[in-house]
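Following: one structure in structure tokens, then a few remarks.
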Amino acid sequence: MSQPKTIIEKVWDQHVVHEEEGKPNLLYIDLHLIHEVTSPQAFEGLRLSGRKVRRPDLTYATMDHNVPTIHRNVIKDQISKKQMETLKENCEEFGISLADINHPDQGIVHVIGPELGLTQPGKTIVCGDSHTSTHGAFGALAFGIGTSEVEHVLATQSIWQAPPKTLQIHIDGKLGTGVTAKDLILAVIGRFGVRFGTGHVIEYTGEAIRNLSMEERMTICNMSIEAGARAGLISPDETTVEYLRGKRYVPEGEEFDKAAQQWLNLASDPGARYDMELEIHADEIEPQVTWGTNPSHCVPVSAQVPDPLNAESDDEKDSIERALEYMGLEANQTIQSIPIEHVFIGSCTNSRISDLRKAADIVKGGRVHEGIRALVVPGSQSVKQAAEKEGLDKIFIDAGFEWRDAGCSMCLAMNDDIVPPGERCASTSNRNFEGRQGNGARTHLVSPEMAAAAALEGRFVDVRKQMSTV
Ligand SMILES: CC(C)[C@H](C(=O)O)[C@@H](O)C(=O)O
Ligand code: SF4
């Protein structure tokens, strides 16, 4: 019997095209996703060196970061406009498929890959974007790359990478009602910090992971990068296979059955060893809210903002003090006493149809609290369409939410969807860094359910209480 292997090793080994002792491996890339922000210089580099795109058929582009989510074709910001025009020209010149702003397949790059079935188990997937880890939910080895690497992949369909270390996060038990995949990954980062994954590819295992839908698994893998990891993935199982059946770029009939068998064989072997192993229990997790300026600054909704005086080191004390000052919060203030002015339901973490359904369930029949601006931004035009078919748009609009077109939007405020300085936003995105949603903006990361509940109450509340009164 050969040594048991993790899925990380299996996928890696299948893609090494060149290796030399002490040097990074040259890895073959199966899918290269492109967006308007990190690709212009890469294409320019190709032009300057007179090179072509090696595999346009394995390259797929969309516009997401800069696109307006209202008045679609009025792009005021000149840099955004230029980046979008440039992507269009580059895709035409190099023969790459593009879902541009008016295309029905347009959406956040990490939402449309899975939706179209471009994302598949066992593939190596790269994109000039850190949240490429999202695609790991399918058992793909998916990681973000820099612009010079984008050029390298365009030209050669391969990339130099040092073999990663492997890290297993085992999550046993069951998530309680009202406790979501978002709370799970926030709790993991809250417990282990924003650096524990450095140099590693994480594999999430255990009962709680097996019970998640594909969309929930994407939320988990999406935030692997916020733990410092190179990528995060989940071994494929029947849930993976059923999600992919019938998707546009997935094989059909007997070919599908064959592919499905290969996908399932990729799962980590029993007894496979990891370089590091961590454990957390799902039953102990409550809905989470971040209070600070990185995703590890999070506590259960029933808790209080931390007190710097209880910090374990001077560094931690400084970091808490600084975060509280930026966030305009007092030590020991209860989370549920924090009033908000904005709500953002969207981003590649939480903008898929199941996220919108869960938020709509909370919102149904309610009213957005006075003085709050609340946005729902579907992750793709196809999510938007599906939601409208079910009448979710009506639930949101009737409650006083704005219903927008697809894009990254208020996740990073590269378009007009900005949180003004000093104002506070309950956001379903993945980063609460200083200035992330606008200069001086204050971001609190939560699940779609918690964001919806906060929109109605005007402050953070325990969504589980609202659920029992429904
Ligand atoms: C603009 C892009 C390079 C960036 C990333 O790499 O993640 C963005 O998507 C983000 O979420 O900060
Ligand atoms: S939605 Fe946010 S995190 Fe995701 S790719 Fe866009 S900007 Fe990055």
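This structure is a prediction, so every number in the text was calculated from the model and none was measured. Counting starts at 1 for both ligands and their atoms, in listed order. Computed over heavy atoms, backbone and side chain alike; hydrogens, waters and symmetry mates excluded.
Those atoms of ligand 1 with a heavy atom of Arg436 less than 4.0 angstrom away are 10 (C), 11 (O), 12 (O). Distances below 4.0 Å separate heavy atoms of Thr38 from the following atoms of ligand 1: 3 (C). Near His131, the atoms of ligand 1 lying under 4.0 angstrom from a non-hydrogen atom of the residue are 7 (O), 11 (O). Residue Arg431 has at least one heavy-atom neighbour below 4.0 Å for each of these atoms of ligand 1: 7 (O), 10 (C), 11 (O), 12 (O).
At a 3.5 angstrom cut-off on N or O pairs, Ser130 counts as close to ligand 1.
Counting only heavy atoms of the protein, atom 8 (C) of ligand 1 lies nearest to His65 NE2, 3.4 Å.
Within the 4.0 Å heavy-atom criterion, the part of Asp129 lying near ligand 2 is the side chain and not the backbone. The parts of Asp129 lying near ligand 1 are both backbone and side chain, judged by heavy-atom distances below 4.0 Å.
Under the salt bridge (charged side-chain N to carboxylate O under 4.0 Å, His left out) criterion, Asp462 pairs with Arg464, not counting sequence neighbours. Every residue was checked against the ring-ring contact (aromatic ring centres under 6.0 Å, His included) condition with His15, not counting sequence neighbours, and none meets it.
Between Arg436 and ligand 2 there is a heavy-atom distance shorter than 4.0 Å.
Side chains of Asn350 and Asn430: no donor on one and acceptor on the other come within 3.5 Å. Between Thr240 and Asp237, the side chains place a donor N or O and an acceptor N or O closer than 3.5 Å (distance only, hydrogens not considered). Side-chain atoms of Glu9 and Thr6 form a donor-acceptor pair, as typed in the model, at a separation below 3.5 Å.
In this structure, Gln168 contributes its side chain and Thr166 its backbone to no donor-acceptor pair below 3.5 Å.
In this structure, the separation between SG on Cys127 and NE2 on His35 is 5.0 Å, given to the nearest 0.5 Å.
Salt bridge annotation for Glu402-Arg373: present, with a cationic side-chain nitrogen under 4.0 angstrom from a carboxylate oxygen.
Geometrically, Lys247 engages Tyr243 in a cation-pi contact, judged by NZ or CZ lying under 6.0 Å from the ring centre and within 45° of the ring axis.
For atom 2 (Fe) of ligand 2, the set of protein N/O/S atoms nearer than 2.8 Å consists of Cys411 SG, ordered by chain and number.
Residue pairs that meet the ring pair (Phe, Tyr, Trp, His ring centres under 6.0 Å) test with at least one member in residues 69-103, sequence neighbours left out, are Phe43-Phe94.
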